[in-house]
Amino acid sequence: MSASIPAKVRDRAARLRDQIADANHRYHVLDEPNIADVEYDKLMRELEALEAEHPELVTPDSPTQRAGAAPSGAFTEVHHEIPMLSLANAFSDEEVADFVRRIEKRLDAADLEFSVEPKFDGLAISLRYEDGIFVRGATRGDGETGEDVSANLRTVKSIPLRLRGSGWPRVLEARGEVYMPRAAFEKYNEHARETGGKVLVNPRNGAAGSLRQLDPRITARRPLAFYAYAVGVIEGVELPARHSEMLSRFREWGLPVSNLVSVAIGVDGCLEYFRGMGAKRDVLPFDIDGVVYKLNDLAAQRELGFVGRTPRWAIAHKFPAQEQQTRVEDIIINIGRTGAATPAAKLVPVFVGGVTVTNATLHNADQVARLDVRIGDTVIVRRAGDVIPEVVSVVLDQRPVHARPWKMPAHCPVCGSDIVREEGEVVAHCTGGLTCAAQRTQALFHFASRRAMDIEGLGERFMAELGELGYVKSIADLYKLSLDGLLEMKRRADERDGTTPETAKSGKIATKWAQNLVTAIDQSRRTTLARFLYALGIQHVGESTAKALAQWFGRLDLIRHLPWPILKAVPDVGGEVARAIDHFFAQSGNQHAIDELLKRGIVIGDEHAPNPKLRAALALEQVLTSMEIPGLTQKRSAQIAIAAGSLEKVTKAPQQLWLDAGVPTDVAERARAHFAQKDTQELLRRCIRAMGEVLDCVEDDDGESVGPLDGKTVVLTGTLTSLTRDEAKEKLEALGAKVAGSVSKKTSFVVAGAEAGSKLDRANELGVEVWDEARLLVFLRAPEARK
DNA sequence: ATGCCTCGAGTTCA
DNA sequence: CTCGAGGCAT
């Protein structure tokens, strides 16, 4: 049949096939390329041309056969003559030790040698070679029967189509793992995302899905690789004595074997290998989910045999899974203190990364949309470097037909108010405010939290109960709670929940509990301005902003009435934050709650005069620029401020004065029009009043306002470690102290840092109190504690 | 406008 | 711990 083909052509084709196979082997198996890509392409093209001209030349092992044939109908079944094993799993050192001990006992031997190998996270397959030629490849299936995926496997470059060297058996079934290298996976997905193609969930699913493609041309585009790790059928060659030798033979025959395989002695050797791999795991170019220990002696393996379908002589030692699949039972909404509506996935409990995970946050609607998570979906959950579980992706193949895309509900599941997502914002908010039980509970919880009012014993659950039963509707109600009230509440809660007398706290314990709580509440009455402000839970006001406000304004009665342009004078407080504070205090309910709190004995121990720097910060120009009138720049604001003399006068300044101050006509017009608006006038009135008020206080700093360091003179010396000298000075000044440069007998105390010199000596001489840095820090945290 | 940088807010499980 | 947003410097 091929007689018509000249021997020369035939030889050339054979030579090309050899060269290409060799290049392939070097590149994909040995990782030592010997020819350039262009050269390789050239050889391929030449071979393709020859084969096109003489189709009879095409052999099953020709590299041109890798490209992928046209789709076949379906996969045919393949019976594995020697079943493909599954391994028992070990998850702890104990289980490994048991495994080794069992073998030692059965064989009556010690210090056994194991072939130790990484456990690739891919898909187990079997490759059949007859007379050195790849004839068939199959998936494992159930171990007995798999599917013929030869066409797909031909596209995997690291699988040789013909064995190399000599001495290979007449028939060989090599078993191993098809996997997708991480880099290839990333690259593939990146491309898929750009082109809108199918994004793979993870490398393992990528490998599995690829092999099950009916169209091998698709598989050819998936970057798969292969490692051999076991032998099935072998005919015509003597088996070596040890498994590790078998793997070496594989290498000689051109089958890729991981260079991470090794040999270990006894349990200790195995475990050492396990830890080594665990440490390397993250930097490996492919995913592994554990390691496998195989008794190295093949004769001994035969002796041990099987239990069911798993061999007694091998075990897989698994890493704690960092990724698991589970099902989304529901997607719920959590309402936070600020009303933020955060979707969370309720999961069928799954053990991942050492803990059982039942919830995973989905962050926001965008994230849900990005992942397209739907109720009923199977998802991949990860607990990576950090602790918090996250949904990585959806396994689309397993999506129930009826699953519908998830949408943020229009109404709050707790209070029924509208849920609104502002233009350009990522988070949606429940508009219920404090009428929403969820927000109220969270607000109360926040108020009582350690960094706020620090009331011990008020957990979130209990707070919810107090709210539900109507005992606490607002933060002020917390200070109404009495011993009897608490006990009564406890009783009612137990009744309602159907708690039996045995499980309910008995009278004495309940009394003790209530007493402790009352004491804790009582102790919390004395607090600092910063804590108090923080406790109020004003939007955007966290701990540090609260501190800044406290330090700069010093007094609650000031802060609670300040218009936002004045609040904005504080560093790090911008328009957004200032408006939020203004808005908070503009609600009469909030003002009322504060009045109530003060009435019920809240004492702010560290009120003091405003920071003198406010004087500069409150310059007219700052207030004017905060009006954000187009064209009214800082410079022009300053000019008109100087020309007019006071804020009040600016607002009433005639057109001419603006022009004299160098403000262009159109800007002046705009400003005057702006000032004429009703709400602007109201705001300006408040600003005018507030500026006067604040400035009065600043001037009055040895007047009635009493800071804890009022009238004290402090001297700083040495190097402070946790804060700069300037910061310390600022803080002390904000508390009313005068920070002087040298020690005299008028000095109240000296703060001495490291390497304090002459000033410390002089302080000792004069008998002036000396603080170390630690004491200063304690004081700065809670200045009310002592003066 | 644009890019740090810090602060606020939300989150899981034992 | 991480993300988003606000503040501020460039």
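Letters A, B, ... are given to chains in the order of the sequence lines, protein chains preceding strands, and every chain is numbered from 1.
- Taking the six-membered ring where tryptophan is involved, the planes of A:Phe274 and A:Phe319 are tilted, since the angle between them lies from 30° to 60°.
- As rounded to whole Å, 10 Å separates atom P of B:dG8 from atom NZ of A:Lys547.
- Side-chain proximity of A:Thr361 to B:dA9, B:dT12, C:dC8: nearest is B:dT12.
- Rounded to whole Å, atom P of C:dG6 lies 6 Å from atom CD of A:Glu425.
- Identified under the side-chain hydrogen bond (donor to acceptor under 3.5 Å, both in side chains) test for residues 568-586 of chain A, with sequence neighbours left out: A:Asp582-A:Arg686, A:His583-A:Gln587.
- With sequence neighbours left out, the ring-ring contact (aromatic ring centres under 6.0 Å, His included) criterion links A:His540 to no other residue.
- Which of B:dT11, B:dC13, C:dG4 sits closest to the side chain of A:Asn334 comes down to B:dT11.
- Side-chain nitrogen and oxygen atoms of A:Thr356 include none within less than 4.0 Å of the OP1 or OP2 phosphate oxygen of B:dC13.
- Whole-Å rounding puts the A:His363 NE2 to C:dC3 C1' distance at 7 Å.
- Between A:Leu533 and A:Ala546, the shortest heavy-atom contact is CD1-O, 3.8 Å.
- Within 4.0 Å (heavy atoms only), A:Val357 reaches sugar-phosphate atoms of the nucleic acid but no base atom.
- Counting to the nearest Å, the C1' atom of C:dG4 and the CG atom of A:Leu362 are 17 Å from each other.
- For A:Thr358, a side-chain nitrogen or oxygen approaches OP1 or OP2 of B:dC13 to under 4.0 Å.
- Counting only heavy atoms from C-beta on, A:Ser544 has its side chain closest to B:dC7 among C:dG4, C:dG7, B:dC7.
- Taking 4.0 angstrom as the limit, A:Asn359 places a side-chain polar atom (N or O) nearer than this to OP1 or OP2 of B:dC13.
- When the P atom of B:dC13 is taken as reference, atom CZ of A:Phe351 falls 13 Å away, rounded to whole Å.
- Rounded to a whole Å, the CD atom of A:Glu460 is 15 Å from the C1' atom of B:dC13.
- Per the geometry, CD belonging to A:Gln622 stands 10 Å off P belonging to C:dC8, to the nearest Å.
- Residues from residues 578-586 of chain A that place a heavy atom under 4.0 Å from any atom of DNA chain B: there are none.
- Here C:dA5 is the nucleotide among B:dA9, B:dT12, C:dA5 with the atom lying nearest to any side-chain atom of A:Val426.
- The phosphate of B:dG8 has neither OP1 nor OP2 within less than 4.0 Å of any side-chain N or O from A:Thr338.
- With rounding to whole Å, A:Glu543 atom CD is found 17 Å from B:dT6 atom P.
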